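All values reported here derive from a predicted model rather than from experimental measurement. Order of the sequence lines sets the chain letters (A, B, ...), proteins ahead of strands, with each chain counted from 1.
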2 protein chains.
Amino acid sequence: MSDFLRRLTLLGLIPRRPQWEGAAAVARPSAGRAPTGKTSAAALLEQLQARGFATNLRAVQRDLVYLDKLFPELEHDGQRAGGRGWWWRADTQVQQLPALDPAMALSFVMARELLDPLLPPPLAQRLVPYYAAAERVLADAGAPGWTAWRERVRVIPEGQPLCPAPIEPAVMGVVQTALLEGWRFRGRYQPRERDLAEYVFNPLGLVFRARVVYLVATLWDYPDPRHFALHRFTQADLLDVAATPPPGFDFDAYLASGTFDYVTADGAPQRVELRMSEAAAAHLEETPLSADQCITAEPQSPGWLRVSATLRETEQLVWWLRGFADQVEILAPPALRARLIADARGLAERYGLS
Amino acid sequence: MSDFLRRLTLLGLIPRRPQWEGAAAVARPSAGRAPTGKTSAAALLEQLQARGFATNLRAVQRDLVYLDKLFPELEHDGQRAGGRGWWWRADTQVQQLPALDPAMALSFVMARELLDPLLPPPLAQRLVPYYAAAERVLADAGAPGWTAWRERVRVIPEGQPLCPAPIEPAVMGVVQTALLEGWRFRGRYQPRERDLAEYVFNPLGLVFRARVVYLVATLWDYPDPRHFALHRFTQADLLDVAATPPPGFDFDAYLASGTFDYVTADGAPQRVELRMSEAAAAHLEETPLSADQCITAEPQSPGWLRVSATLRETEQLVWWLRGFADQVEILAPPALRARLIADARGLAERYGLS
DNA sequence: CACAGGCGCGTCACTAAGTGACGCATAAGT
DNA sequence: ACTTATGCGTCACTTAGTGACGCGCCTGTG
């Protein structure tokens, strides 16, 4: 096989050093798994051979020193018995094939604006090299003398901006590896109203809700799944014990059980009928509530429209409806109407109107 | 310079064919600009030399045929006087250096879940190759016999899901190029209440709001900026006329002028005081409203808290406060309190409670 | 503390591959 | 039909990678 392709593949096999690992830090000395964040020439040889390259150890070693001269971002440690370790510096710029074109670069910049308030910092952090690559492309593409691209794009955020919860990057890393590769881990967790304690977590899944990330897990060998906010962990260390989901565990069923108030009554979609002011309903013509949404004029009252759509009665829907205040009246289903009437009563009382 | 590096750079200089261009479609025969979506050997030579490679045309040609054999995704058209055109197929998988690691891959998958309802389809479309790359990485990383990663992550969306407005991909491409490189364009636009018409647009910027993308532009040589929803364009064609922002135009000032009801009264942050039920305020401890947020107990009423923070009085804030219904009472500033009281009155009337 | 095993690396002759120069073939525009 | 710019085949030449071998260093172990 070709020289060029072998080296390119080799470069692709070298891992990037995780941001939360210090350059000199030695990965935890876990028995079975290879330490993350670096590879050896022997391991690379094996992976290359698995991809069909007929090569040998000496060639890989030669390639590595050759590439090391070309890429200053490529680093290695001293000579060790287990073989030299090779890795990309954590802050290496991403280079992509095919290169990022301005169209894709714009998508990245836009995505960043939309995501930054939503994604927890340790995850957002990891996309930074891509944003940087996108900014470089856009800076190149702009006509000279034309103001910077960022000056010509604005995102008006949808929700109220809130400061994101600070998650320990190392905790995020451990939880993620545990969940991805199926290991248990030992963690120190600070419950909301109790003392800091140490548990063994058997991870089942992650839930992102309202800018907070929750780990769903069982503790030790107890059967009942519980959830834990990631920003309440102070420490986490992988164990060499395989994770085992409790028999019959279904993630969606667990969510639907109401733990996260995702779905109120029951999950079945039903017909929702609204009376909305024209101003409030204006944007529904552009971005409908559902594929079967139907907007008709209200014959008796000019300036008002009748909107109906098939929707699931979620907390989000209630929040969204409340946002319109008196610009919307819920006609059906009755349970939803009753809920909004209760709100109205409560509000009147709160401000001493009744 | 090295052989390997030159070829790698060369690959990076070859553009990806835009998705909205047919494989055989010839780019618009605009005079000054090179057609997008492909390059010639001569152009590549020039770019390589600009990057410090001492090379010649023949070498570039040889490299191209060499790489063509290695990468089936690399395509070219027949021999033409202007030089052969070279490009990556639109659906080429992205390959990155350093490779996407599972941690970054997770960020991409999460980002997709959060973005898909927010980003207009033609922009979201462009990130698909990256999502695909991330899914490949995660599929490799998972322990065998462990259920798929997607089954272990859920995002509970924040807003009410709405169907995104369908933007013509070619329109998005033209608007973007015009804005990025500074050209005017001719477009057919369907205003909300008037007939379809053709205008010459002098683009100034893009605004993303509530899942709709707006182009801010002046028409012909009129001085006043206006905004146009991208999904209302039926066609757009680049012109070879440079775009010129009207003298003194300031994008932020235009937005603040209230065109998009971004900021209500004035933009200055002010102290907001709230009385909230403990349940409603619970998440503010995790994700504060502002850095200086302050939560204290309400002495008279158990189960209630006093929250104060310095905020800008935006439409988003009002929507957010309405979402809590009677679980929050606005104490200050008075204008905001008056607004919520008016809402409560309106609601009581709407449901015939008063 | 000495030993063994891995691994990195220097070196050799050999072989494969890229280089520069030249000329002809080919397609688009005049 | 002519011009021009580009692609491409081919030559001897030069550079760079290959396979094989052995030395020495580092590490972990007895």
From C:dC9, D:dG17, C:dG18, nucleotide with atom closest to A:R7 side chain: D:dG17

Plane angle bin for B:Y189 and B:F228 - parallel if under 30°, tilted between 30 and 60°, otherwise perpendicular: perpendicular

Counterpart residues, side-chain contact (heavy atoms from CB on, under 4.5 Å), relative to A:N56 (two or more places apart): A:R58, A:A59

Pairs involving residues 88-98 of chain A, ordered by first then second residue, that meet salt bridge (Lys or Arg N to Asp or Glu O under 4.0 Å) (sequence neighbours left out): A:R89-A:D91

Test ring-ring contact (aromatic ring centres under 6.0 Å, His included) applied to A:F4 - qualifying residues, sequence neighbours left out: B:F4

Minimum-distance nucleotide (side-chain atoms of B:L57 versus D:dG7, C:dT19, D:dG17): D:dG7

Those residues that, when tested against A:W149, pass ring-ring contact (aromatic ring centres under 6.0 Å, His included) (two or more places apart): none

Value in whole Å for how far the C1' atom of D:dG9 lies from CG of B:L64: 17 Å

Phosphate contact (C:dT19 OP1 or OP2) by B:N56 side-chain N/O below 4.0 Å: no

Which protein N or O atoms sit under 3.5 Å from an N or O of nucleotides 21-24 of chain C?
none

N/O (side chain, A:Q61) to phosphate O (OP1/OP2, C:dC9) under 4.0 Å: no

Minimum-distance nucleotide to B:A42 side chain [options: D:dG7, C:dC9, D:dT6]: D:dT6

Validation row, ring centre B:Y199 to ring centre B:F185 under 6.0 Å: no

Listing, residues 127-138 of chain B side-chain donor-acceptor contacts under 3.5 Å, not counting sequence neighbours, or none:
from, atom 1, to, atom 2, distance (Å)
B:Y130, OH, A:Q96, OE1, 2.5
B:E135, OE2, B:R150, NH1, 2.7
B:R136, NH1, B:Q93, OE1, 3.1

Pairing residues for B:F71 by the ring-ring contact (aromatic ring centres under 6.0 Å, His included) criterion, not counting sequence neighbours: B:W88

Distance in angstrom units between B:F53 CZ and C:dT19 P, rounded: 12 Å

Euclidean distance, atom CG of residue B:D3 to atom P of C:dG20 [Å, nearest integer]: 11 Å

A:W86 CH2 - C:dC9 C1' separation (whole Å): 12 Å

Nucleotide C:dA17, atom P - distance to CZ of B:F4 in whole Å: 17 Å

Partner set under ring-ring contact (aromatic ring centres under 6.0 Å, His included) for A:Y66, not counting sequence neighbours: none

Atom-pair distance (CG on B:L10; P on C:dG18), nearest Å: 14 Å

Atom-to-atom span, CG of A:L44 to C1' of C:dG8 - whole angstrom: 14 Å

Nearest-angstrom distance from the residue atom OH of A:Y66 to C1' of D:dT15: 12 Å

Five-pair end axes of the helix from C:dC1-D:dG30 to C:dT30-D:dA1 and the angle they enclose, rounded to 10°: 50°

